[in-house]
Amino acid sequence: MSEAGSQAAPARDGERLLDELAEQPGGPELLSLAADRDDVALVGGAARDLLLGRVPRELDVVLGSGAAAPFARELARLLGGDSEGATVTIHSRFGTAAVDWPGGRVDIAERRAESYPAPGALPEVRPGSVEEDLARRDFTVNAIATPLGGRRRGMLDAVPQAIDDLAARRLRVLHDASFLDDPTRLLRLARYGARLGFRAEERTAGLASEAIAAGALQTVSRARVGAELRLALSEDDPLPALEAMQTLGVLGALDPALRFETTPAGLALSLLPPDGRPDLMLLAQLLLGLAPEGAVKERERAMFALLDPLEFNAGDRDRTIRTALAAPGLVSALAPAPPPSQLHDALAHETLEAVALAGALGGEAATETARCWLQTLRHVSLSITGQDLLDAGVPEGPQVGRRLTAALHRKLDGELADGREAELRAALEAQP
């Protein structure tokens, strides 16, 4: 990379990066495959994270035009010794590929240059040089690369100020129109800042505020915004990212009614069991302010109108809406704590996310009741089945279910001795 387009970095940084790469899943195979090539480099978030001493989520590689697909296939072959093998996904139109295996992922892209025909539009791309490929990226700390082989192996290429910004833990855009060209970078500013503990440098913070005030997020497709929002919700700790989006004004720009409250969100996460969906619960919390005074159908329409263009899959969208609609009303069912049988009737058909969110919204008593249900009571079940009742002479029909429910109520309330016989006797004694 030319001196005019790069920032020099100590050679030991590049050497250290390669040493760290060799310890990552897929790293040895990458280094072996790239050893005799001049065109393969680790880039972006992977290079940034390794230089910071962090474990990257995936490895990002760039190489020459037309090389992504064959490189991906050869890398998958090297990784194929795993019992489950490696899979390759190729997008020839975009010059990208991905290799996934049980131990990790490598994203591969051909170097390209980009230009934006209009604010918020998808970029027009063409094959590019090392300098052009780095210059198209979002923040300086993501515009760092190191060749993995050839004569320049281990030398760092970086845009101006990238190495200094990394050391100072700063996020800086590469040019003044960055947020206007691609407004999804506003969501990334919040997400990267939260994940890495970086702050936006002064000029970048000002540009972000100006872009939001100018309505930049209205120029980009909701599908692209939705993709970035899903990434924020799937962070290891999504709370700081969502809080940063609110502080920056991103949430309000998407809809003025969107609100994120860190304290109840954190409490709800602590209540949610492992088989719940933290991302959907947090998304539901954002929706609570939509049409708060409206009827259920009006609120449901408002939530659907917001989520559907963001292209959440139908199952996730519907579960989120169901959670957001139910949670406020469940607060009264949680406090004061009712008998377990009543709790079962109120909560058994609600989402785990709705119960956890209601527990966080309703105060200490509601919190403890939600915790008891989610950790213990929801797992209480009968040993007997409907077939046992039929075998005992109960006619087929709705009364079979009613008798089972009555027996379960008594078990929940501690009125039954242990064992199938006690359950069957309770079901047969129940009023049909």
Side-chain angles (χ1 to χ4, degrees), residues 1-7 14 17-18 21 26-27 29-48 50 56 58-80 86-101 104-118 121-160 162 174-175 177-178 181-182 184-185 224 227:
M1 193 170 183
S2 65
E3 291 183 2
S6 66
Q7 180 182 1
L17 186 151
L18 295 186
L21 176 61
E29 291 82 0
L30 268 178
L31 289 167
S32 173
L33 189 56
D36 297 325
R37 298 181 56 154
D38 289 322
D39 67 325
V40 182
L42 193 76
V43 72
R48 175 202 69 214
L50 289 176
E58 63 276 319
L59 300 178
D60 302 294
V61 172
V62 291
L63 33 60
S65 179
F71 188 88
R73 294 189 184 100
E74 183 62 16
L75 179 61
R77 185 189 66 78
L78 292 177
L79 291 164
T87 60
V88 177
T89 304
I90 295 172
H91 299 284
S92 300
R93 176 184 174 188
F94 302 105
T96 63
V99 180
D100 289 277
W101 73 102
R105 175 184 173 95
V106 177
D107 288 320
I108 302 161
E110 296 166 11
R111 289 186 180 88
R112 62 184 187 263
E114 295 179 347
S115 60
Y116 290 84
L122 288 171
E124 295 176 349
V125 303
R126 58 175 175 79
S129 64
V130 173
E131 291 90 344
E132 289 172 321
D133 188 74
L134 291 179
R136 70 179 178 83
R137 298 178 183 273
D138 45 16
F139 304 104
T140 59
V141 296
N142 293 333
I144 302 172
T146 186
L148 301 184
R151 60 185 177 82
R152 301 190 66 252
R153 181 182 187 275
M155 299 178 66
L156 288 184
D157 296 321
V159 298
L174 274 65
H175 56 87
S178 182
D181 285 344
D182 184 356
T184 64
R185 289 170 177 161
R224 292 175 63 197

Nearest heavy-atom neighbours spanning A162 and V141: O-CG1, 4.2 Å
Closest non-hydrogen atom pair between L50 and P56, with its separation: CD2-CD, 3.7 Å
Separation between OG of S32 and CG of L148, rounded to the nearest 0.5 Å: 11.5 Å
For the student: nearest non-hydrogen atoms of G26 and L59, plus distance: C-CD1, 4.3 Å
Chi angles and distances behind the side chain to side chain contact (heavy atoms under 4.5 Å, CB included) call for R152, D38: CA-CA 7 Å; R152 301 190 66 252; D38 289 322; over 6 Å; no
Non-hydrogen atoms of V99 and A86 that approach each other most closely: CG1-CB, 4.1 Å
T146 vs L21, side chain to side chain contact (heavy atoms under 4.5 Å, CB included): CA-CA, chis, key distance, verdict: CA-CA 11 Å; T146 186; L21 176 61; over 6 Å; no
Side-chain donor/acceptor of R224 to backbone N/O of T184, under 3.5 Å: no
Nearest-0.5 Å distance, OG of residue S65 to CZ of residue R126: 11.5 Å
Heavy-atom closest pair, residues Y116 and A121: CD2-O, 3.3 Å
Pairwise side-chain contact, R112 with T96, heavy-atom cut-off 4.5 Å (strictly under): yes
Rounded distance (nearest 0.5 Å) linking atom CG of N142 with atom OG1 of T140: 8.0 Å
Point-to-point distance, once rounded to the nearest 0.5 Å, from CD of E74 to CG of L33: 5.5 Å
Step-by-step side chain to side chain contact (heavy atoms under 4.5 Å, CB included) determination, L134 to V43: CA-CA 9 Å; L134 291 179; V43 72; 3.9 Å; yes
Any residue meeting salt bridge (charged side-chain N to carboxylate O under 4.0 Å, His left out) with D133, in chain and number order, not counting sequence neighbours: R136, R137
Gap between atom CG of L78 and atom CH2 of W101 - 0.5 Å precision: 11.0 Å
Under the salt bridge (charged side-chain N to carboxylate O under 4.0 Å, His left out) test, residues paired with R151 that sit two or more places apart: none
Ignoring hydrogens and angles, write down the donor-acceptor pairs under 3.5 Å from the side chains of residues 104-111, residues two or more places apart or on other chains.
residue: R105; atom: NE; partner: D107; partner atom: OD1; Å: 2.8
residue: R105; atom: NE; partner: D107; partner atom: OD2; Å: 3.4
residue: R105; atom: NH1; partner: D100; partner atom: OD1; Å: 3.0
residue: R105; atom: NH1; partner: D100; partner atom: OD2; Å: 2.9
residue: R105; atom: NH2; partner: D107; partner atom: OD1; Å: 2.9
residue: E110; atom: OE1; partner: G66; partner atom: N; Å: 3.0
residue: E110; atom: OE2; partner: G66; partner atom: N; Å: 3.2
residue: E110; atom: OE2; partner: A67; partner atom: N; Å: 3.3
residue: E110; atom: OE2; partner: A68; partner atom: N; Å: 3.2
residue: R111; atom: NH1; partner: D39; partner atom: O; Å: 2.6
residue: R111; atom: NH2; partner: D39; partner atom: O; Å: 2.9

Criterion side chain to side chain contact (heavy atoms under 4.5 Å, CB included) on R37 and L63, from CA distance to verdict: CA-CA 9 Å; R37 298 181 56 154; L63 33 60; 4.3 Å; yes
Distance-minimising heavy-atom pair for D138 and S178: O-OG, 4.1 Å
Atom pair CG (L42) and CG (D60), whose distance is rounded to the nearest 0.5 Å: 7.0 Å
